[in-house]
Protein chains: 2
Amino acid sequence: MSHMGYPRLMSVDREQVLRSAAALLTRKSTATMDEVARAAGLSRATLHRHFAGRDALVRALEELGIQECEAALDAARLDEGSADDAVRRLVKEIEPAAGLLSFLVTENQLFEGDTQHEGWARLDARIAGLFTRGQERGEFRIDLTPAWLTEALYCLIGGGAWAVQDGRVAAKDFQHMIVELLLGGARRRVEP
Amino acid sequence: MSHMGYPRLMSVDREQVLRSAAALLTRKSTATMDEVARAAGLSRATLHRHFAGRDALVRALEELGIQECEAALDAARLDEGSADDAVRRLVKEIEPAAGLLSFLVTENQLFEGDTQHEGWARLDARIAGLFTRGQERGEFRIDLTPAWLTEALYCLIGGGAWAVQDGRVAAKDFQHMIVELLLGGARRRVEP
DNA sequence: CCTCAATGAGACAAAGATGTCTCACATGGG
DNA sequence: CCCATGTGAGACATCTTTGTCTCATTGAGG
């Protein structure tokens, strides 16, 4: 009777299903729809009722990931203060989405031909803009392009998430390891 | 008449098949055996005659990748001179294997349960040893663990290879981008 | 209590990939 | 020339995953 897109009675929480799917697919990107369903605590039939197919599920994950990243970028207030501090805030805010992000980044790599979600372009532009700002302020060296620094940020976040999950890096050190490496490499250094 | 394991007449070059397979699988990790065969310029039947199955193919790729990485590490003479220069030599020597390496790294992530190839542990130990040496020499900061720096090196090589292949970074800048970022983050900095 | 929506379980066909096989072709050596 | 070996093409069964369907059950609201 509801005129909303979603039924009033939601026994399964769409958000939570997506989260558990992300957690599983981050570890095993080839997981079956059945495995995803089990991991989310529901049957394959119900999973199919919420997401038309595997593609739709991945699309929804992509949507969620982009949404979380944009929220993280908003919360990090990239335009305020020094670029250095902004990068620190960015890594801090984006950490909860690191697992999902790393899955989506590697997933995107095999979208070769297809036109990818415009959201990624927006995110790339915002992050690259932060590094450009840092260069213009004289904080960051100019021989490392903003595009590369952006790529490196994605890489390090993905690698960091995986290293933490694998026990090679302590979870509490996640931000420090990434920020120090990235900023250490990006900052202009005082020649001794 | 030959007592060797391989026939005298090798119309297909095993090495070259592996290289084209690596090139394809790096771009599309879910490529079919048929696609791999076509990319190598031979039929699926012949590919099967040389590699019992997909698993065997991936194992062979793993073997090749480890072999190339070990050769790169040997050529880089990690124990000689400053750790800083050794890292530069390492990145330079390992660049040709970057694509294959990035494929194998992401492929290894879904080997969850299985015991992974001992070669990886050897490589990890040698690279981590280089960073440890840099720390002991006072070149590198000690708050970034060798394990993390090793992981970061893998990440940046993979990301760099992908960025180059995607046109976001010029191929000639590959070494510079990776080395400067990694060393910039790893080096002890003179506090201003 | 009754109803209806959401779910779980399972059956089912379709599609794709894999592994194996046979047969024909060609190419180099004896 | 003849033969053996390597290859390509294709057929074939099998397996897995997927997408769709039906049917029974559950649980909350009227």
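In what follows, chains carry the letters A, B, and so on, assigned in the order in which the sequence lines appear, proteins first and then strands, with residues in each chain numbered from 1.
With B:Trp148 as reference, A:Leu156 is the one residue of A:Asp173, A:Leu156, A:Val164 to meet the side-chain contact (heavy atoms from CB on, under 4.5 Å) rule. Checking B:Arg122, B:Arg126, B:Arg89 one by one against B:Asp74, the salt bridge (Lys or Arg N to Asp or Glu O under 4.0 Å) holds for a single residue, B:Arg126.
For the residue pair A:Glu62 and A:Trp120, a side-chain donor N or O sits within less than 3.5 Å of a side-chain acceptor on the partner.
Look at A:Arg38 and you won't find any side-chain N or O under 4.0 angstrom from OP1 or OP2 of C:dG8. The side chain of B:Ser43 contributes no N or O atom lying less than 4.0 Å from OP1 or OP2 of D:dA9. B:His50 has a side-chain polar atom (N or O) that falls below the 4.0 Å cut-off from OP1 or OP2 of D:dT7.
B:Asp166 contributes no side-chain N or O that, together with a main-chain N or O of B:Arg168, makes up a donor-acceptor pair within less than 3.5 Å.
Not a single side-chain hydrogen bond (donor to acceptor under 3.5 Å, both in side chains) links B:Gln67 to another residue, sequence neighbours left out. Residues satisfying the salt bridge (charged side-chain N to carboxylate O under 4.0 Å, His left out) test with A:Glu35, not counting sequence neighbours, are A:Lys28.
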key: Protein-to-nucleotide contact annotation, 5' to 3' order, nucleotides 17-22 of chain D [B base; S sugar-phosphate only; - none; under 4.0 Å, heavy atom]   = SBBB-B
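When the C1' atom of C:dT20 is taken as reference, atom CG of B:Leu47 falls 14 Å away, rounded to whole Å.
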